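In this text the structure is predicted, and so the values were computed from the model without any measurement. Lettering of chains follows the sequences in order, A, B, ..., and the numbering in each one begins at 1.
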Amino acid sequence: MNYWLVKSEPFVFSYDDLVRDGVTRWDGVRNYQARNNLRAMKEGDLCLFYHSNEGLAVVGIAKVSKEYYPDPTAEKGDWSVVELQPYKAVQEPLTLATIKQHPMLDQLGLVRNPRLSVMPVSSDEFFIILDLCKTTI
DNA sequence: GCCAACGTTGGC
DNA sequence: GCCAACGTTGGC
């Protein structure tokens, strides 16, 4: 089991939208590092769902329901998508400000490379974050 | 292969 | 709205 963090602008696609839709195709990724992370996801892996631009917080957990396949929205280039489904909303959203204050989370990709939209999270980091969200899985 | 210019992301 | 960081593009 691997753990990940995906970012979405909530006014484009929020965690509530994921709950509403039940499953979504995570398309439109046009960054090689992010794409390679999508390709490393296995069915059943869990993703922290982070709201960027607005909210600036981890708000839920998504599960990888389908492993990568070619992005149908890509007109050219070698891009991939996965499918995600809602797993669990967190009890308390965890804001970026709080994440930055936590000494155990200073290696988190979200802090070290704020522009990457799909990134791996260590299991230690994942469970620290769940704990800060007062959430169990 | 280098590097300048440009575009995008995303926090503040 | 601004700006820093990063990635991409394209000329040489």
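Ionic pairing of A/Arg35 and A/Asp78 is present here: one or more N-O contacts between side-chain nitrogen and carboxylate oxygen are shorter than 4.0 angstrom. Between A/Asp45 and A/Lys42 there is no salt bridge, since no side-chain N of the basic residue sits under 4.0 Å from a carboxylate O of the acidic one. Between A/Asp71 and A/Arg30 there is a salt bridge, since at least one side-chain N of the basic residue sits less than 4.0 Å from a carboxylate O of the acidic one.
Taking atom CG of residue A/Asn53 and atom P of nucleotide B/dC12, one finds them 12 Å apart after rounding to whole Å. When the C1' atom of B/dC12 is taken as reference, atom CG of A/Leu56 falls 9 Å away, rounded to whole Å. Between A/Leu116 atom CG and C/dA4 atom P the separation is 21 Å, expressed in whole Å. For the pair A/Asn37 CG and C/dG7 P, the computed distance is 12 Å after rounding to whole Å. Distance CZ (A/Arg35) to C1' (C/dG7): 14 Å, rounded to an integer number of Å. Between A/Gln33 atom CD and C/dT8 atom P the separation is 9 Å, expressed in whole Å. Atom CG in A/Leu5 sits about 11 Å away from atom P in B/dG10, given to the nearest Å. Put simply, CG on A/Leu110 is 16 Å from P on C/dA5, counting in whole angstrom units.
Side-chain nitrogen and oxygen atoms of A/Lys7 include none within less than 4.0 Å of the OP1 or OP2 phosphate oxygen of B/dT8. At B/dG11, one or more side-chain N or O atoms of A/Tyr50 fall inside 4.0 Å of OP1 or OP2 (strictly under the cut-off).
Closest contact between the side chain of A/Ser52 and the listed nucleotides C/dC6, B/dG10, B/dC12 involves B/dG10.
Separating the CG atom in A/Leu132 from the CD atom in A/Gln101 is a distance of 10.5 Å, to the nearest 0.5 Å.
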